[in-house]
Amino acid sequence: MKHKIIFTALLAGSSLAAFAQQNAKPEDTEIWSPVPAVVTPGKVPGDAPSDAIILFDGKNLDEWVATNDTTSSHKWKVDDKIITVDKTAGDIQTKRRFMDFQLHIEYRIPSNITGSGQARGNSGIFLAALPWGAGGYELQVLDNYNNKTYVNGQVGSLYKQAIPLANACRKPGEWQTYDVIWTAPQFNEDGSLKSAARATVLHNGVLVQNNTSLIGDTPYIGKPEYRKHGASPIKLQAHGDKSEPISYRNIWVRELGQ
């Protein structure tokens with residue numbers, strides 16, 4: 001008898017759900033507000049959309065400072081609408097600080113590049129630069145077109161943490177693109193981690209990091225760790241290897257709401 005009652009109740013519930021579905025209207029599930037902001041896309045892929053902050057458009061480095069001395073005028077070289085790394089000047093970073101963002105940046109390994117492994121076109125994009133430890137969270141830049149290295153340190157890796165899903169390198173001398181969605185880590189009042197940093201990365205249009213969670217910063221030696229911080233600059237690395245310096249161009253960022 002008990003099973004019969006349960007079965008009858010299930011049938012009744014199913015009938016009511018079917019009746020409700022038959023009498024539903026399209027507008028019952030329509031949402032009309034808030035209306036998303038209108039953003040005008042760039043004319044061609046890679047162009048900055050209308051709401052982007054232009055970090056470098058080929059004119060100057062007004063949005064950047066030297067990392068080791070933010071008051072110094074000694075920064076990288078701008079010529080022919082590109083930035084070329086000046087290894088004697090050290091890293092550069094944005095004057096502005098960011099939390100979550102969409103970043104577009106283009107780089108070029110010189111056609112006359114020399115060296116091998118990590119000593120071949122090495123640089124890095126620190127998605128959040130920090131003044132301690134590993135210096136932040138690094139997305140690796142390196143020439144890995146027919147150049148082997150440890151896979152968690154090749155181009156497209158979140159350095160020493162996340163191996164890229166593919167090697168999408170172009171030949172030296174060709175311009176290459178990174179498109180990044182960065183979600184900054186969040187911390188509790190006591191400094192403990194509330195939510196980990198995450199990154200989605202397309203390299204030359206190929207997905208190489210798919211909403212990857214980081215377990216901390218990205219040190220060259222030792223284990224990653226988190227230390228409480230807030231909005232941070234984006235930093236470009238002047239790596240100390242002896243290979244010919246690489247170049248950057250067309251850098252823009254869109255801040256994303258929390």
Side-chain angles (χ1 to χ4, degrees), residues 41-42 44-49 52 55 82 85 100-129 134-185 196-220 223-224 234-237 239 241 243-254 256:
V44 298
D47 281 0
L55 297 178
I82 66 173
V85 176
D100 302 348
F101 57 77
Q102 173 188 348
L103 172 69
H104 176 88
I105 187 167
E106 301 175 15
Y107 72 92
R108 183 178 65 188
I109 306 292
S111 58
N112 62 335
I113 193 70
T114 59
S116 62
Q118 291 287 306
R120 185 178 174 89
N122 199 325
S123 183
I125 301 162
F126 283 76
L127 302 171
Y137 313 89
E138 180 186 4
L139 171 61
Q140 177 71 308
V141 177
L142 192 71
D143 177 30
N144 286 120
Y145 187 85
N146 295 330
N147 177 43
K148 291 184 178 181
T149 188
Y150 44 92
V151 293
N152 61 346
Q154 73 177 60
V155 69
S157 66
L158 296 167
Y159 188 68
K160 288 285 185 82
Q161 281 196 52
I163 300 166
L165 299 172
N167 180 344
C169 279
R170 299 188 188 279
K171 294 179 180 179
E174 297 182 12
W175 283 100
Q176 311 195 49
T177 64
Y178 266 137
D179 289 284
V180 182
I181 305 299
W182 172 251
T183 303
R198 303 193 310 276
T200 294
V201 182
L202 285 87
H203 184 212
N204 296 323
V206 176
L207 184 67
V208 294
Q209 298 291 342
N210 188 11
N211 198 29
T212 302
S213 292
L214 282 80
I215 58 175
D217 59 2
T218 54
Y220 174 49
K223 299 294 184 181
I234 297 168
K235 181 173 68 177
L236 303 181
Q237 183 187 47
H239 194 271
D241 72 285
S243 68
E244 293 72 15
I246 78 166
S247 300
Y248 289 97
R249 72 177 185 187
N250 192 22
I251 309 172
W252 51 263
V253 64
R254 295 181 64 242
L256 304 178

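FYI, the numbering just counts along the sequence from 1. These numbers were taken from a predicted model, which means no experiment stands behind them.
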>> Quick one, Y248 and I105 - any side-chain contact, counting heavy atoms below 4.5 Å?
In response: yes
>> Looking at G115, is its backbone amide N or carbonyl O close enough to the side chain of R120 to form a donor-acceptor pair, meaning the two atoms are under 3.5 Å apart?
In response: yes
>> Taking the side chain as everything from C-beta on, heavy atoms only, tell me whether L127 gets closer than 4.5 Å to F101.
In response: yes
> Are the side chains of K160 and T218 in touch, meaning some heavy atoms are under 4.5 Å apart?
Replying inline: no
> Can you find a pair of side-chain heavy atoms, one from L236 and one from I125, that are under 4.5 Å apart?
Replying inline: yes
>> Is the shortest side-chain heavy-atom distance between T200 and L207 below 4.5 Å?
In response: yes
> Between the side chain of D100 and the main-chain N/O of A184, is any donor-acceptor distance below 3.5 Å?
Replying inline: yes
>> Can you give me the closest heavy-atom contact between A168 and H203, atom names plus distance?
In response: CB-O, 3.5 Å
> Is it the case that more than 12 heavy atoms not belonging to Y150 sit under 6.0 Å from its OH atom?
Replying inline: yes
> With a 4.5 Å heavy-atom cut-off, do D217 and Y137 have their side chains touching?
Replying inline: yes
> So which heavy atom on S243 is nearest to which on G121, and how close?
Replying inline: OG-N, 3.0 Å
> What are the two closest heavy atoms between Q161 and G216, and how far apart are they?
Replying inline: NE2-O, 2.9 Å
> So, Q140 and S157: side-chain donor and acceptor under 3.5 Å apart, yes or no?
Replying inline: no
> At their closest point, which heavy atom of W182 faces which heavy atom of A197, and how far apart are they?
Replying inline: CH2-CB, 3.4 Å
> Is it true that atom CZ of R198 has more than 12 heavy atoms of other residues, nucleotides or ligands lying nearer than 6.0 Å?
Replying inline: no
>> Over 60° means perpendicular and under 30° means parallel, so tell me whether Y178 and Y107 are parallel, tilted or perpendicular.
In response: tilted
> Taking the side chain as C-beta and beyond, is there a heavy-atom pair between S247 and V85 under 4.5 Å?
Replying inline: no
>> Taking the side chain as everything from C-beta on, heavy atoms only, tell me whether L142 gets closer than 4.5 Å to Q118.
In response: yes
